[in-house]
Amino acid sequence: MRMSEQESITTHQAVVIVANYILGVGILTLPRSAAEQVKTPDIWLSIIIGGLIAMLAGLIIVKLSQKFPGMTFYDYSQQIVGKWIGCILNLIVIGYFISMASVMLRAMAEVNTLFLLEETPRWAMIIAFMWVGIYLVVGGLSAITRMFEIIFPITVIIFVLIAVMSLKIFDINNLRPVLGLGIAPVLNGVKTTALSFSGFEIMLLIVASMQNPKTAQKAVLIGIGIPLLFYVTTALMVIGALTIEGVTSLTWPTITLIKSFEFPGILFERYESLLLVIWMMQIFTTFVITHYSAAMGMARSMRKDIRPFLYVLMPVIYIVAMLPKNINDLFHFSDSIGKLAFVMFVILPIVLLGIAKLRGVQT
Amino acid sequence: MWNMFVSYLPDWTVFLQALIVVSIPYALSRMMSMTKNAAENNIEQDDQEANPQRDFSGRLDIDLDRMRTEFGNQADLNIRTFCLGNTNQQAAILFVNGISDRDLIDKHIMKSLMVDLTLVGHEQGRDVSSPPFTKQYLKNNVLSVGVVKEVDRFTDLSSELLRGHTALLLDNSNASVIILGTRKEITRSAGEPSSEILVRGPRLGFNESICDNTTLLRQHGEKTNLTITQLRVGQRVTKELAIVYIKDIADDNLVQEVRERVERMNLDDIQDTGYIEQLIEDNYLSPFPQVQSTERLDRVISALMEGRVAILLDGTPFVLTVPTTFNMLLQSPEDYYERWIPGTLVRMLRYFAAFVSTFGPSLYISFISFHQGLIPTKLALSIADTRAGVPFPSLIEVLIMEIALEILREAGLRLPKPIGQTIGIVGGLVIGEAAVQAGIVSPLMVIVVAVTAISSFAIPQYNAGIALRILRFIAMIFAAIFGLYGVVLFFLLLCSHLSKLISFGVPYISPAVPYRLQDWKDFLIRAPFKLMKHRPKMMNTKDPLRRK
């Protein structure tokens with residue numbers, strides 16, 4: 001071919017990648033997990049603060065990546081902290097991406113079993129999903145990026161549609177009082193909400209292939225800003241419609257919200273199918289990018305072609321996805337991954353940046 | 001601790017499933033790469049057989065003898081020997097009956113060589129006795145034919161003869177042959193192509209002659225930068241092929257790539273541009289047409305103006321334009337001839353129709369078989385009522401009707417026009433009605449299938465319509481297995497495929513992605529001309545502005 005197979009990523013493509021990656025399970029579970037922590041209707045404040053923290057962390061990651069132009073985290077980790085520690089760091093990051101991919105798969109299967117396909121076995125759903133995924137990822141990062149860009153506008157349109165429709169049962173009184181118990185519960189929830197913004201860590205990898213790495217800051221800010229908007233809207237809608245007490249008792253409050261209103265006379269009466277459709281697409285994007293990132297980590301560490309690693313990872317991801325025994329197990333698993341993410345992608349980049357500055361590592 | 005660990009150890013079935021997860025796609029990918037390698041190897045086996053060089057002797061009797069033996073005494077090869085003017089210098093003309101213009105040969109060539117040619121015209125003051133007339137002299141002063149050239153190889157001569165040109169051999173001259181352009185073509189007039197009919201717009205389509213077709217392209221306004229490069233393709237049956245582009249718009253890399261791919265294809269006979277399309281496309285496993293073929297002049301012109309490259313082949317009215325992108329399949333020239341509001345609306349309607357024709361039946365299956373709860377209760381009740389007598393699951397029900405309809409459509413194409421229409425209407429109505437009455441299918445299903453079929457006719461490109469028809473069946477199978485989840489999965493698969501597909505270096509899915517607001521003005525909507533200042537950015541043109 002006359003043009004290179006892998007094109008570089010433009011700024012808005014980077015925005016779409018970050019936004020799509022973040023919008024995963026969060027949109028369905030965030031209202032509940034945040035409500036459990038905050039216990040007041042102020043969770044939207046926690047979400048905003050969480051988002052701001054994520055933005056800050058994202059900026060640090062971008063800063064770190066920009067110091068090593070054309071290199072991904074997997075390449076420069078060894079330069080900063082030496083071969084062995086760098087290797088271990090890479091392994092942890094790969095493990096993180098694998099677990100993320102698995103959690104996505106399992107969550108998808110759980111929601112499907114609950115709302116769409118009661119009798120279809122989980123393995124069948126997961127295997128089909130992974131096959132579609134592998135078909136895309138072997139096309140490389142540019143194919144993945146294009147796919148993300150197709151899905152993104154569909155998500156936005158349907159989400160706005162659903163948000164407008166749920167105004168029907170929205171009651172502003174459910175959101176009052178604002179800061180009724182002070183700021184303390186709000187801060188209590190920030191830990192949970194910040195975790196739901198994990199996804200910005202993809203900047204560790206994609207800044208390297210960006211057309212214009214200088215705009216990465218902008219990309220990460222907007223990329224987190226879009227999900228922030230989605231999450232705040234969702235939280236407001238869910239709490240406004242179902243009250244804070246109602247939300248804490250539900251597993252998937254967002255779906256329940258959509259189920260609870262009806263517009264008789266229009267083509268459908270219930271719209272949770274629409275939400276599930278865009279949600280599955282979002283899960284797909286998250287799954288695909290984590291699968292690809294994990295494989296890329298292995299390929300980069302061993303300096304080999306990525307393709308075999310994409311295939312090697314498939315059974316691994318599948319087995320990890322089947323490990324949790326039930327949905328509570330899955331949530332625990334996902335929480336611990338979130339905590340790992342916090343350490344890995346908020347604290348570690350600061351440390352690495354510090355070491356790089358101190359040692360004056362040159363590329 | 002250990003117990004907890006053991007309790008999480010997965011079952012052996014999970015490991016088995018994990019093996020299935022990886023083995024099937026891996027095996028598939030290996031198979032695909034094997035076919036690809038095979039295809040590439042074929043290309044590399046370029047047999048570059050050097051043409052045997054057969055120069056002419058310059059003596060007429062020897063050359064004519066050789067011509068006869070080489071041609072194997074073809075019945076339609078006409079050899080006429082005569083004397084030039086009123087001298088005794090022997091000459092011969094050769095032409096193939098039928099494909100040469102006899103009128104031109106008789107009235108101009110023969111007459112000027114035999115009658116009008118006199119020694120008086122020869123005033124060079126050279127020795128007249130040993131060859132009285134040189135080829136140079138004949139070419140310059142005698143032959144009143146537009147296209148004249150000399151060849152000195154036998155293979156060249158025979159190919160020129162077979163294309164309808166006339167050869168002139170002289171006795172006692174240098175070892176070359178004069179070729180006179182006397183090609184005659186049987187063409188039809190340039191009428192409106194029946195496969196792409198518009199309400200408004202030029203009623204002009206290409207025909208089978210490459211000469212006429214390039215004429216049509218030239219005729220369309222004065223364009224000094226329209227470049228037409230001619231190549232000869234086909235190993236056994238050589239034909240003329242033209243690569244057309246606008247020099248100061250089209251990307252040089254693109255033109256080079258098209259040239260290389262066209263030169264790389266080796267087939268003994270290329271009958272139609274359809275052959276070329278399949279030999280130069282990027283991915284032959286894709287259901288989507290990656291090269292646009294059209295009979296309409298205006299489509300080709302507008303593609304050229306966007307920086308695309310057109311490929312014309314002698315003997316077919318279908319012209320290819322590359323690179324093709326997804327939006328081209330759903331565009332019609334009429335979008336631009338009408339005002340922008342109707343143009344936009346019709347275009348959006350087409351996108352909707354494409355969606356319905358791909359996903360209509362699969363959504364029906366998934367809602368009826370899996371998610372009855374998502375349909376409004378009243379509708380669900382009435383569907384249940386009409387479906388009560390239907391003995392089949394919805395997939396079989398849809399398959400029966402869809403396949404019947406596809407057969408009808410195929411049959412309608414083959415039949416003569418008036419009968420074809422009757423069969424279509426009668427067949428559709430009668431079979432649908434009868435199937436409902438027989439209780440094989442439900443009435444709602446007939447509506448779904450009918451709407452789907454009509455939607456697929458709304459797609460302006462025939463081959464794009466076929467692609468969506470194929471995809472519809474795959475979508476139905478996905479829906480039958482996984483319901484709505486299957487439909488979403490299929491949608492993701494389709495999008496994955498589209499995002500992986502590249503046509504001549506341009507992503508097939510563009511201009512949808514990557515996001516370029518400039519290109520979107522001519523995608524889902526057709527913006528007013530005042531706003532469309534730029535050529536599509538995806539084409540990487542040399543002159544990005546349409547208007548200064």
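Lettering of chains follows the sequences in order, A, B, ..., and the numbering in each one begins at 1. Just the heavy atoms: all of them, side chains too, but no hydrogens, waters or symmetry mates, feed the values below.
Between B/F367 and B/I375, the shortest heavy-atom distance links the atoms O-CD1, 3.9 Å.
Between A/W252 and A/F331, a ring centre-to-centre spacing shorter than 6.0 Å is recorded. Taking the six-membered ring for Trp and the full ring otherwise, B/Y351 and B/F523 have centroids separated by under 6.0 Å. If you look at A/Y318 and A/W123, their ring centroids are not closer than 6.0 Å.
Judged by the 6.0 Å distance and 45° axis criteria, A/K304 is not positioned over the aromatic ring of A/F309. Relative to the ring axis of B/F504, B/R261 places its NZ or CZ within 45° and under 6.0 Å from the centre.
Using modelled atom types, no side-chain atom of B/T541 and backbone atom of B/K537 make a donor-acceptor pair closer than 3.5 Å.
Using a 4.5 Å cut-off between heavy atoms, B/L493 contacts chain A through both its backbone and its side chain. In this structure, the portion of A/E272 lying under 4.5 Å from any heavy atom of chain B is its side chain and not its backbone. For A/I278, no part lies near chain B; criterion is any non-hydrogen pair under 4.5 Å. Proximity to chain B is limited to the side chain of A/I151, based on heavy atoms less than 4.5 angstrom apart. Only the side chain of A/I134 comes within contact range of chain B, with at least one heavy atom under 4.5 Å from a heavy atom of that chain. A/A124 touches chain B through backbone and side chain together, each having a heavy atom under 4.5 Å away. In this structure, the portions of B/V14 lying under 4.5 Å from any heavy atom of chain A include both its backbone and its side chain. B/L498 does not touch chain A: none of its heavy atoms, backbone or side chain, sits under 4.5 Å away. Neither the backbone nor the side chain of A/T10 comes within contact range of chain B; no heavy atom of the residue lies under 4.5 Å from a heavy atom of that chain. With a threshold of 4.5 angstrom between heavy atoms, A/F284 approaches chain B through side-chain atoms but not through N, CA, C or O. Of the two parts of A/M147, the backbone and the side chain both hold a non-hydrogen atom closer than 4.5 Å to a non-hydrogen atom of chain B. Using a 4.5 Å cut-off between heavy atoms, B/F491 touches chain A through its side chain atoms alone. Neither the backbone nor the side chain of A/P308 comes within less than 4.5 Å of any heavy atom of chain B. If you measure heavy-atom distances from A/V137 to chain B, you find no contacts under 4.5 Å at all. Looking at A/M108, only its side chain comes within 4.5 Å of chain B, counting heavy atoms on both sides.
Counting heavy-atom pairs closer than 4.5 Å to chain B, the top-ranked of the candidates A/M314, A/K325, A/M281, A/E149 is A/E149. By number of non-hydrogen pairs under 4.5 angstrom with chain A, the leading residue of B/T13, B/D11, B/L484 is B/L484. Per-residue counts of heavy-atom pairs under 4.5 Å with chain B were compared for A/M130, A/M322, A/M125, A/H12; the largest is that of A/M125. The most heavy-atom pairs under 4.5 Å with chain A, out of B/P514, B/A512, B/S510, come from B/P514. Among B/Q256, B/H497, B/Q17, the residue making the largest number of heavy-atom pairs under 4.5 Å with chain A is B/Q17. Counting heavy-atom pairs closer than 4.5 Å to chain B, the top-ranked of the candidates A/T120, A/V312, A/V277 is A/V277. Counting heavy-atom pairs closer than 4.5 Å to chain A, the top residue among B/S496, B/P507, B/G483 is B/S496.
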Could you please spell out the steps behind the side-chain contact (heavy atoms from CB on, under 4.5 Å) verdict for B/F478 and B/S362? CA-CA 8 Å; B/F478 268 81; B/S362 49; over 6 Å; no

side-chain contact (heavy atoms from CB on, under 4.5 Å) between A/T11 and A/Q211, intermediate numbers included: CA-CA 7 Å; A/T11 311; A/Q211 215 171 50; over 6 Å; no

Trace of the salt bridge (charged side-chain N to carboxylate O under 4.0 Å, His left out) decision for B/D251 with B/R308: CA-CA 8 Å; B/D251 184 12; B/R308 296 178 209 266; over 6 Å; no

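Counting non-hydrogen atoms of other residues, nucleotides and ligands closer than 6.0 Å to CZ of B/R516 gives a total above 12.
Defined by atom type and a distance below 3.5 Å, a donor-acceptor pair is missing between the side-chain atoms of B/Q290 and B/Y508.
Between B/R259 and B/D252 there is no salt bridge, since no side-chain nitrogen of the basic residue lies less than 4.0 Å from a carboxylate oxygen of the acidic one.
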